[in-house]
Amino acid sequence: QVQLVESGGGLVQAGGSLRLSCAASGRAFSSYAVGWLRQAPGKEREFVAFISWSGDSAFYANPVKGRFTISRDNAKNTVYLQMNSLKPEDTAVYYCAAARTVATNPRRYDYWGQGTQVTVSS
């Protein structure tokens, strides 16, 4: 099993930046693909980005492409999401999650953190 704890959320103005962190513990963390997903008010949980277990491959949802960067440091058991040029539409609870295979469907992720709130004001 894997335990995940997100941090780094907060309130920022449009155009600002935040870096989210996901601290992981448990067996074989480095063998998992890790994704960031989010849930905005009144919307379903949606995929944001994932990174392979090796860190060699990453994929982003179209709304965040070019603005967000996912990375991982397996030595520190930590995954990051650097968010630049934030928009009000990015307001959501952000979750990190782990899966055995890379996936864009939230239902494919096996382990989830509790989430961290990101609010972007206009």
Side-chain angles (χ1 to χ4, degrees):
Q1 62 180 17
V2 176
Q3 296 82 43
L4 305 167
V5 180
E6 303 94 334
S7 63
L11 174 64
V12 298
Q13 294 188 27
S17 298
L18 284 173
R19 189 177 80 156
L20 306 184
S21 297
C22 176
S25 62
R27 299 182 66 182
F29 167 74
S30 63
S31 69
Y32 286 85
V34 176
W36 284 95
L37 305 98
R38 67 187 182 185
Q39 188 163 20
K43 297 182 63 178
E44 296 181 352
R45 192 167 298 185
E46 67 176 354
F47 167 79
V48 175
F50 68 64
I51 189 167
S52 66
W53 69 268
S54 67
D56 291 338
S57 300
F59 183 78
Y60 301 89
N62 286 335
V64 308
K65 200 169 296 183
R67 299 188 297 121
F68 291 10
T69 302
I70 187 171
S71 61
R72 70 188 297 167
D73 186 341
N74 289 338
K76 297 182 178 180
N77 287 349
T78 302
V79 176
Y80 305 95
L81 185 69
Q82 178 66 46
M83 305 185 296
N84 298 328
S85 301
L86 283 162
K87 304 175 181 179
E89 305 93 275
D90 296 317
T91 294
V93 176
Y94 283 71
Y95 301 88
C96 63
R100 283 293 184 180
T101 60
V102 294
T104 59
N105 189 333
R107 291 189 291 271
R108 299 298 297 172
Y109 288 84
D110 299 318
Y111 304 101
W112 294 80
Q114 66 183 37
T116 186
Q117 177 70 47
V118 172
T119 302
V120 184
S121 62
S122 60

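For clarity, every value in this text was computed on a predicted model and none was experimentally measured. Heavy atoms only: backbone and side chains are in, while hydrogens, waters and symmetry mates are out.
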### Task
Decide yes or no on side-chain contact (heavy atoms from CB on, under 4.5 Å) for L4 and V34, but give the supporting numbers first.
CA-CA 10 Å; L4 305 167; V34 176; 5.8 Å; no
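- Across all their heavy atoms, Y109 and A103 have their closest contact at OH-O, 2.5 Å.
- Among residue pairs with one or both ends in residues 47-91, none qualify as disulfide (SG to SG under 2.5 Å); sequence neighbours excluded.
- There is a side-chain donor-acceptor pair under 3.5 Å between S31 and R100.
- Not a single salt bridge (Lys or Arg N to Asp or Glu O under 4.0 Å) links E89 to another residue, sequence neighbours left out.
- For residues 76-88, no residue pair satisfies the salt bridge (charged side-chain N to carboxylate O under 4.0 Å, His left out) rule, not counting sequence neighbours.
- Scanning for side chain to side chain donor-acceptor pair (under 3.5 Å) contacts around S52 gives S54, with sequence neighbours left out.
- Sorted by first and then second residue, the pairs that involve residues 64-122 and meet disulfide (SG to SG under 2.5 Å), not counting sequence neighbours, are C22-C96.
- Taking CD of Q39 as the start and CD of E44 as the end, the distance is 8.5 Å to the nearest 0.5 Å.
- Legend: salt bridge (charged side-chain N to carboxylate O under 4.0 Å, His left out) pairs involving residues 101-111, not counting sequence neighbours: none detected.
- For the side chain to side chain contact (heavy atoms under 4.5 Å, CB included) with W112, the qualifying choice from R45, Q3, E6 is R45, the only one to do so.
- Under the 4.5 Å side-chain heavy-atom criterion for Ile, Leu, Val, Met, Phe, Trp and Tyr, Y80 and L37 are members of distinct hydrophobic clusters.
- Nearest heavy-atom pair, Y60 versus A49, reported as atom, atom and distance to 0.1 Å: CD2-CB, 3.6 Å.
- For Y95, there are no ring pair (Phe, Tyr, Trp, His ring centres under 6.0 Å) partners, not counting sequence neighbours.
- Listed by chain and residue number, Y32 satisfy the ring pair (Phe, Tyr, Trp, His ring centres under 6.0 Å) test with Y111 (two or more places apart in sequence, or in another chain).
- Ring geometry, F47 versus F50: the interplanar angle falls from 30° to 60°, so the pair is classed tilted.
- Results of the side chain to side chain contact (heavy atoms under 4.5 Å, CB included) test with I51 over V102, L81, T69, I70 single out I70 as the only residue that passes.
- Of the inter-residue distances, the one linking Y94 atom OH with L18 atom CG reads 9.0 Å to the nearest 0.5 angstrom.
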### Message
As a quick check of understanding, evaluate side-chain contact (heavy atoms from CB on, under 4.5 Å) for L86 and F68, giving each step before the final call.
### Response
CA-CA 9 Å; L86 283 162; F68 291 10; 3.9 Å; yes
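- Other members of the cluster containing V5 do not exist, because no ILVMFWY side chain is joined to it at under 4.5 Å.
- A heavy-atom distance below 4.5 Å is found between the side chains of Q117 and T91.
- With sequence neighbours left out, the side chain to side chain donor-acceptor pair (under 3.5 Å) criterion links K43 to no other residue.
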### Task
For V64 and R38, run side-chain contact (heavy atoms from CB on, under 4.5 Å): C-alpha distance rounded to whole Å, both residues' side-chain angles, the deciding distance at 0.1 Å, then the answer.
CA-CA 12 Å; V64 308; R38 67 187 182 185; 3.9 Å; yes
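- A search for salt bridge (Lys or Arg N to Asp or Glu O under 4.0 Å) contacts involving R67 returns D90, not counting sequence neighbours.
- Listed by chain and number, the residues in a side chain to side chain donor-acceptor pair (under 3.5 Å) with N84 are S17, Q82 (sequence neighbours excluded).
- Annotation for S122 and P88: closest pair CB-CG, 3.9 Å, computed over non-hydrogen atoms.
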